Amino acid sequence: QVQLEESGGGLVPAGGSLRLSCATSGLTFNIYAMGWFRQAPGKEREFVAALPWSGGTADYADSVKGRFTISRDKAKNTVFLQMSGLKPEDTAVYYCAADWVGGGTRRPNDYDYWGQGTQVTVSS
C-alpha cells in the first residue's frame, strides 16, 4: 500500500520559514518524480515545485521561485519543501505527490499518488 504523509505545516508570520516533509512508503521512491502542490480555499490546486525521477533540474512556479526549495533524501524516501520569505498568499493546504518515472510535470493529473495535505497559514 502506497502512502505519502506530509508534515511540518503550521502558522508562521509573514517573512518566516517552514520546512515541509513528505515521507513515502510502499513505492520505489527512486523512480518517482515528486511534486508539491497547494490549494487555497475557493481556488484550484496549483503547482508549486517538482523534481524529476532522474535527478534533473527542479521546476518551480514563478510565485515561489527564489523562496522555496524542493529536495529529496533517497535514503529516507522523503521529499522536502523548504519555504522562506513566506507571504500571506502562500496560505494553503500543501500536498505532495508522486509520479512514476515522471519528468516533474506541473499537471496534477499526471501524478499517481497523493498525500492528505498539511496546512500552512501565513499571518500578515
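Just so you know, these numbers come straight off a predicted model, no measurement behind them.
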[Y] backbone acceptor or donor facing [X] side chain under 3.5 Å:
| X | Y | answer |
| --- | --- | --- |
| Thr91 | Val122 | yes |
| Asp112 | Trp100 | yes |
| Tyr111 | Thr105 | yes |

| Can you list the residues that meet the salt bridge (charged side-chain N to carboxylate O under 4.0 Å, His left out) rule with Asp73, with sequence neighbours excluded? |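 Applying salt bridge (charged side-chain N to carboxylate O under 4.0 Å, His left out) to Asp73 gives none.
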| message | Run the salt bridge (charged side-chain N to carboxylate O under 4.0 Å, His left out) test against Arg19 and tell me which residues pass, sequence neighbours left out. | response |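 Listed in chain order: nothing, the list is empty.
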| query | Can you name the ring-ring contact (aromatic ring centres under 6.0 Å, His included) partners of Tyr94, sequence neighbours left out? | reply |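 Expected list: none.
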So do the side chains of [X] and [Y] get within less than 4.5 Å of each other, counting heavy atoms only?
| X | Y | value |
| --- | --- | --- |
| Arg67 | Lys87 | yes |
| Val120 | Met83 | yes |
| Val64 | Arg38 | yes |

Only distances under 3.5 Å count here; give the side-chain donor-acceptor pairs of residues 2-16 to other protein atoms, sequence neighbours excluded, each with its distance to 0.1 Å.
| unit_1 | atom_1 | unit_2 | atom_2 | d |
| --- | --- | --- | --- | --- |
| Glu6 | OE1 | Gln116 | N | 3.1 |
| Glu6 | OE1 | Gly117 | N | 2.8 |
| Glu6 | OE2 | Cys96 | N | 2.9 |
| Glu6 | OE2 | Gly117 | N | 3.2 |

| Ring-face cation contact, Phe47 with Arg107, 6.0 Å cut, 45° max |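 No, a cation-pi geometry is absent between Arg107 and Phe47.
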| field | Lys43, NZ: over 12 other non-hydrogen atoms inside 6.0 angstrom | value |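 Open: at most 12 neighbouring heavy atoms sit under 6.0 Å from NZ of Lys43.
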| What pair of heavy atoms forms the shortest contact from Ala92 to Ala40, and how long is it? |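 Heavy-atom minimum between the residues: CB-N, 3.8 Å.
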| said: Can you give me the closest heavy-atom contact between Arg72 and Ala33, atom names plus distance? | reply: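 Looks like NH1-CA, 4.4 Å.
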| task | Supply the atom-to-atom distance Gln119 CD to Gln39 CD, rounded to the nearest 0.5 angstrom. | result |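 Going from CD on Gln119 over to CD on Gln39, the span is 11.0 Å.
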Just distance, no hydrogens or angles: give the donor-acceptor pairs under 3.5 Å from side chains in residues 52-61, sequence neighbours left out.
| unit_1 | atom_1 | unit_2 | atom_2 | d |
| --- | --- | --- | --- | --- |
| Asp59 | OD1 | Arg106 | NH2 | 2.9 |
| Asp59 | OD2 | Arg106 | NE | 2.6 |
| Asp59 | OD2 | Arg106 | NH2 | 3.4 |
| Tyr60 | OH | Ile70 | N | 3.0 |

| said: Could you walk me through whether Lys65 and Asp62 satisfy the salt bridge (Lys or Arg N to Asp or Glu O under 4.0 Å) test, starting with their C-alpha distance in whole Å, then the side-chain angles of each, then the deciding distance to 0.1 Å, before giving a yes or no? | reply: CA-CA 5 Å; Lys65 199 172 293 183; Asp62 288 344; 3.4 Å; yes
Please list every donor-acceptor pair under 3.5 Å in which a side-chain atom of residues 20-31 meets a protein atom from a residue at least two apart or in another chain.
| unit_1 | atom_1 | unit_2 | atom_2 | d |
| --- | --- | --- | --- | --- |
| Thr24 | OG1 | Asn77 | O | 2.8 |

| In terms of ring plane angle, is the pair Trp114 and Phe37 parallel, tilted or perpendicular, where the classes change at 30° and 60°? |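 Judged by the thresholds at 30° and 60°, the geometry between Trp114 and Phe37 is tilted.
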| field | Donor-acceptor pair between Gln82 and Ser84 side chains, under 3.5 angstrom | value |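 No, no side-chain donor-acceptor contact under 3.5 Å.
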| ILVMFWY cluster, Tyr95 and Phe68 together (side-chain gap under 4.5 Å) |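 No, no single cluster joins them.
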